[in-house]
Amino acid sequence: MRTPINEVTPDTERAEIAGWVHEIRDLGGLTFFLIRDRTGIIQVTVVKKKVSEAVLQAAKTVSRESVVRVSGAVKPIEKAPGGRELTPETFEIISLCESPLPLDVVEKVPAELETRLDARFLDVRKPRVAAIFKIRSAVTAATYDFFSKRGYYNITTPKVVAAATEGGTELFPIAYFEKEAFLNQSPQLYKQMMMAAGFEKVFEIGPIFRAEEHNTLRHLNEATSIDVEVSFADHKDVMKVLEDLVSHQYAVVADTCSDALADLGVDFEVPKAPFPRIPYADAIDIAAKKIDEPIAYGDDLSTPSERAIGEEMGEHYFIVDWPSSIRPYYAMPYEDDPSICKAFDMMHPRMELSSGAQRVHQYDLLVEQIKAKGLSPESFEFYLQPFKYGMPPHSGWGMGMERLIMTMLDLPNIREAVLFPRDRHRVVP
RNA sequence: GCCCAGGUAGUGUAGAGGCCUAUCAUGAUGCCCUGUCACGGCAUCGACACGGAUUCGAAUUCCGUCCUGGGCGCCA
């Protein structure tokens with residue numbers, strides 16, 4: 001019976017382990033093997049004079065990163081990793097690894113991200129890299145848990161769609177039988193439809209696709225979005241949901257992923273809700289003071305200003321009360337001042353993580369706002385229909401999962417937070 | 001989309017017109033070594049993205065192609 005490596009302790013008498021050959025150190029009459037599975041690493045020591053011919057033969061043949069199964073007595077050895085080592089009675093090579101390896105799993109020599117992504121399955125064998133995905137998995141689980149405890153319905157919306165959500169970003173066209181279709185850039189419209197459907201509180205964790213030809217450390221062409229929509233809630237209500245969620249996600253990771261955090265050398269403080277709120281107008285002022293380029297009210301926040309404001313804030317924060325002119329048509333304007341709207345962005349000091357708003361739920365106002373943006377209501381017909389048949393007031397947001405992980409773990413590149421990133425140049429593997 | 005930078009053994013690098021049949025590390029192979037933990041020692045193997053131009057001479061300069069990285073715009 002195979003034992004996970006981290007369950008083999010100095011007190012264990014015998015064990016059978018299986019895993020990958022992490023390192024081989026041949027000292028002559030004595031050879032040390034480090035065997036790794038996803039739980040940890042153990043030393044297997046072969047004393048050439050004392051082992052069977054079969055074990056000796058396997059020990060001579062095996063290469064690094066081969067898959068092996070080894071069984072034998074365990075004894076406590078203070079010098080060995082984990083304070084114990086295994087003396088093999090059987091040493092079976094299950095899958096012999098070819099050499100040379102496309103990259104060095106032990107990381108004596110660094111590899112560039114491109115090389116790593118080309119051989120991602122090998123790259124992820126590094127405990128430090130695997131740790132990112134262990135944590136990402138914990139964040140996903142914590143998110144489902146958070147919403148299901150609060151009575152949200154988990155929904156799944158189509159990724160193949162006929163039209164754009166907001167007109168802004170580029171879509172990937174795909175062939176759909178005799179029709180033209182696109183990969184969806186956001187579940188936004190479908191979430192809203194489910195408000196008309198009376199679901200009241202929904203969330204979805206799913207892929208979104210953006211055909212932007214950007215080439216940066218924080219953009220992907222396929223990303224994962226955590227999306228939320230709530231009926232009878234205003235923007236302030238859903239901002240609270242958002243900050244509580246982020247704080248919960250951090251807390252769960254801190255609680256349950258200490259090994260993975262240690263592998264990564266990451267130590268963070270759990271962000272405490274409520275996050276500071278600053279009006280857009282104040283954010284612009286901060287940016288204007290800190291950077292040289294001219295900034296005017298009504299400008300979108302440039303990358304340098306975003307950074308300058310983040311530096312000033314030093315923690316997660318919201319930018320609220322945006323000019324209606326730079327937010328999408330579906331953002332609800334304030335009744336007393338329609339020049340600003342109930343939209344918000346949730347920011348990490350490094351970058352934007354989430355944006356959301358109270359939505360316009362009144363049919364006439366929505367049509368008016370679509371026209372005001374220079375768009376034609378006719379092309380939004382399928383979107384507008386639910387608004388005619390009883391649409392409650394509602395609010396929601398979408399948060400980039402990869403950006404959340406990237407900022408949480410202080411990763412330099414968003415691609416580090418995805419197993420198989422899709423960017424401007426990469427569709428393989 | 002605009003702008004900048006770059007492609008040298010499996011991996012990561014040195015190199016700046018002749019000192020380059022190309023440096024170092026890691027790796028692989030062989031030999032020596034019984035307590036390593038980035039084990040050590042000796043030997044061997046392995047690369048200038050592609051095409052053209054300049055030149056007596058090009059990894060190095062120029063042009064083109066392909067590929068890549070990054071900044072910005074935009075966004076999550």
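Since the structure is predicted, the reported quantities are computational estimates derived from the model, not experimental observations. Residue numbering restarts at 1 for every chain, and letters A, B, ... go by the order of the sequence lines.
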(request) May I ask you to evaluate whether A:Lys108 reaches the phosphate of B:A25, defined as a side-chain N or O under 4.0 Å from OP1 or OP2? (result) no

(message) Classify A:Asn221 by what it touches in the nucleic acid, base, sugar-phosphate, or nothing, heavy-atom distance under 4.0 Å.
(response) nothing

(message) Strictly below 4.0 Å, N to O, side chains only: are A:Asp263 and A:Arg128 in salt-bridge contact?
(response) no

(message) Rounding to an integer number of angstrom, what distance separates B:A14 and B:U60 when you compare their C1' atoms?
(response) 13 Å

(message) Less than 4.0 angstrom between a side-chain N/O of A:Thr303 and OP1 or OP2 of B:G73, yes or no?
(response) yes

(message) Applying a 4.0 Å non-hydrogen cut-off, can you work out what A:Leu217 is touching in the nucleic acid: base, sugar-phosphate, or nothing?
(response) sugar-phosphate

(request) Assign the ring pair A:Phe147 / A:Trp397 to parallel, tilted or perpendicular, where the plane angle (0 to 90°) is split at 30° and 60°. (result) tilted

(message) Any base atoms under 4.0 Å from A:Thr31, or only sugar-phosphate, or nothing? Heavy atoms, all strands.
(response) nothing

(request) Check every atom of B:G35, B:A28, B:G70 against the side chain of A:Thr45 and return the nucleotide holding the closest atom. (result) B:G35

(request) Measure from the side chain of A:Val109, starting at C-beta and using heavy atoms only, and say which of B:U26, B:G35, B:C72 lies closest. (result) B:U26

(request) Taking atom C1' in both B:U29 and B:C37, compute the distance separating them and give it to the nearest angstrom. (result) 24 Å

(message) Measuring only the C1' atom in each nucleotide, how far is B:G35 from B:C42? A whole number of Å is fine.
(response) 23 Å

(request) Quote, to the nearest angstrom, the P distance that separates B:C2 from B:G64. (result) 16 Å

(request) Report yes if at least one side-chain N or O of A:Thr115 is closer than 4.0 Å to OP1 or OP2 of B:G12; otherwise report no. (result) yes

(request) Salt-bridge test for A:Arg64 and A:Glu23: reply yes if a basic N is under 4.0 Å from a carboxylate O, no otherwise. (result) no

(request) Please state how far atom CG in A:Leu101 lies from atom P in B:G27, giving the value in whole angstrom units. (result) 11 Å

(message) With a 4.0 Å limit, can you tell me whether A:Asn215 has a side-chain N or O closer than that to the phosphate oxygens OP1/OP2 of B:G73?
(response) no

(message) I want to verify a distance call: between B:C74, B:U68, B:A38, whose nearest atom is closest to the A:His425 side chain?
(response) B:U68

(request) Identify whether the distance between the nearest side-chain nitrogen and carboxylate oxygen of A:Asp118 and A:Arg426 falls below 4.0 Å. (result) yes

(message) Between P on B:G73 and CG on A:Leu301, what's the gap in Å once rounded to a whole number?
(response) 10 Å

(message) My understanding is that a pair needs two contacts under 3.5 Å, Watson-Crick or G-U wobble. By that rule, which nucleotide pairs with B:C66?
(response) B:G7

(message) Taking donor-acceptor contacts at under 3.5 Å, does the side chain of A:Glu213 reach the base of B:C74?
(response) no

(request) Describe the nucleic acid contact of A:Glu78 in one word from base, sugar-phosphate, nothing, applying a heavy-atom distance below 4.0 Å. (result) nothing

(request) For A:Lys49, answer base if it contacts any base atom (sugar-phosphate contacts may also be present), sugar-phosphate if it contacts only those atoms, and nothing otherwise; contact means non-hydrogen atoms under 4.0 Å. (result) base

(request) Would you kindly give the CD1-to-P distance between A:Ile24 and B:U26, to the nearest whole Å? (result) 17 Å

(request) Can you tell me the distance, in whole Å, between the CZ atom of A:Arg116 and the P atom of B:U68? (result) 18 Å

(request) Can you tell me the distance, in whole Å, between the CD1 atom of A:Ile208 and the C1' atom of B:A76? (result) 5 Å

(message) Need one value for A:Glu402: base, sugar-phosphate or nothing, where a base atom within 4.0 Å counts as base even if backbone is also close, heavy atoms only.
(response) nothing

(request) Could you tell me which nucleotide pairs with B:C19 by Watson-Crick or G-U wobble geometry, both distances under 3.5 Å, or answer none if nothing does? (result) none

(message) Taking only the P atom of each, what is the distance from B:A53 to B:G10 in whole angstrom?
(response) 28 Å

(message) From the set B:A76, B:C72, B:C33, return the single nucleotide nearest to any side-chain atom of A:Asp26.
(response) B:C33

(request) Could you check which nucleotide pairs with B:G27 in any of the strands shown, counting Watson-Crick or G-U wobble with both distances under 3.5 Å? (result) B:C45

(message) Counting distance alone, no hydrogens or angles: does the base of B:A76 have a donor or acceptor under 3.5 Å from a partner atom on the side chain of A:Arg210?
(response) yes

(request) Please state the C1' separation for the pair B:U54 and B:C72 - nearest whole angstrom. (result) 36 Å

(request) Could you work out which one of B:G70, B:G27, B:G73 sits closest to the side chain of A:His214? (result) B:G73

(message) Categorize A:Arg307 for me: base, sugar-phosphate, or nothing, with a 4.0 angstrom heavy-atom threshold over every strand shown.
(response) sugar-phosphate

(request) Taking only the side-chain heavy atoms of A:Asp300 (C-beta and beyond), determine which of B:C74, B:G12, B:U34 contains the nearest atom. (result) B:C74

(message) Please report the distance separating the C1' of B:A47 from the corresponding atom of B:C20, rounded so that it comes out in whole Å.
(response) 13 Å

(message) For a quick check of understanding: with a heavy-atom distance under 4.0 Å over all strands, which category does A:Ser99 fall into, base, sugar-phosphate or nothing?
(response) sugar-phosphate

(message) Please report the distance, rounded to the nearest Å, between CD in A:Gln185 and P in B:C74.
(response) 16 Å

(message) Both distances below 3.5 Å, Watson-Crick or wobble geometry, any strand: find the nucleotide opposite B:C33.
(response) none

(message) Once you apply a heavy-atom cut-off of 4.0 Å, does A:Leu353 come out as touching a base, just sugar-phosphate, or nothing?
(response) sugar-phosphate

(request) Taking only the side-chain heavy atoms of A:Arg64 (C-beta and beyond), determine which of B:G70, B:A25, B:G27 contains the nearest atom. (result) B:G27

(message) Going by purine N1 to pyrimidine N3 plus the second Watson-Crick contact, or the G-U wobble pair, all under 3.5 Å, which nucleotide sits opposite B:A59?
(response) none

(message) For A:Arg136, run the side chain to side chain contact (heavy atoms under 4.5 Å, CB included) check against A:Ile405, A:Leu404, A:Val253 and tell me which one passes.
(response) A:Ile405

(request) Calculate the interatomic distance between A:Glu212 atom CD and B:C75 atom P; express it in whole Å. (result) 8 Å

(request) Return the value, rounded to whole Å, for the distance between atom CG of A:Asp423 and atom C1' of B:U68. (result) 11 Å

(request) Indicate yes or no: does A:Asp259 engage A:Lys134 in a salt bridge with an N to O separation below 4.0 Å. (result) no

(request) Describe the nucleic acid contact of A:Leu220 in one word from base, sugar-phosphate, nothing, applying a heavy-atom distance below 4.0 Å. (result) base

(request) Counting heavy atoms from C-beta on, name the nucleotide in B:C72, B:G12, B:U34 closest to the side chain of A:Ala111. (result) B:G12

(request) Could you work out the separation of B:A9 and B:A59 based on their C1' atoms and round it to a whole Å? (result) 14 Å

(message) Using heavy-atom distances to pick each residue's nearest nucleotide on RNA chain B, tell me which of A:Leu30 and A:Glu112 is more 5'.
(response) A:Glu112

(request) Determine the interplanar angle of the A:His248 and A:Phe146 rings, folded into 0 to 90°, and report it as parallel if under 30°, tilted if 30 to 60°, perpendicular if over 60°. (result) tilted

(request) Report yes if a donor N or O on one partner sits less than 3.5 Å from an acceptor N or O on the other, where the partners are the side chain of A:Glu85 and the base of B:G35; otherwise report no. (result) yes

(request) Could you label the plane-to-plane angle of the A:Tyr280 and A:Trp322 rings as parallel, tilted or perpendicular, counting under 30° as parallel and over 60° as perpendicular? (result) tilted

(message) From C-beta outward on A:Arg415, which listed nucleotide comes closest to its side chain: B:G70, B:G27, B:A76?
(response) B:G70

(request) Using only heavy-atom distances, decide whether a donor-acceptor pair under 3.5 angstrom links the side-chain of A:Gln43 to the base of B:U36. (result) yes

(request) On RNA chain B, check which nucleotide each of A:Leu103 and A:Lys48 is closest to and give me the residue with the more 5' one. (result) A:Leu103

(request) Decide whether A:Ser137 and A:Thr140 meet the rule of one side-chain donor and one side-chain acceptor closer than 3.5 Å. (result) no

(message) Determine whether a donor-acceptor pair (N or O, by modelled atom type, separation under 3.5 Å) exists between the side chain of A:Lys159 and the backbone of A:Thr157.
(response) yes

(request) Could you please name the option among B:A38, B:U26, B:U36 that lies closest to any side-chain atom of A:Ala80? (result) B:U36

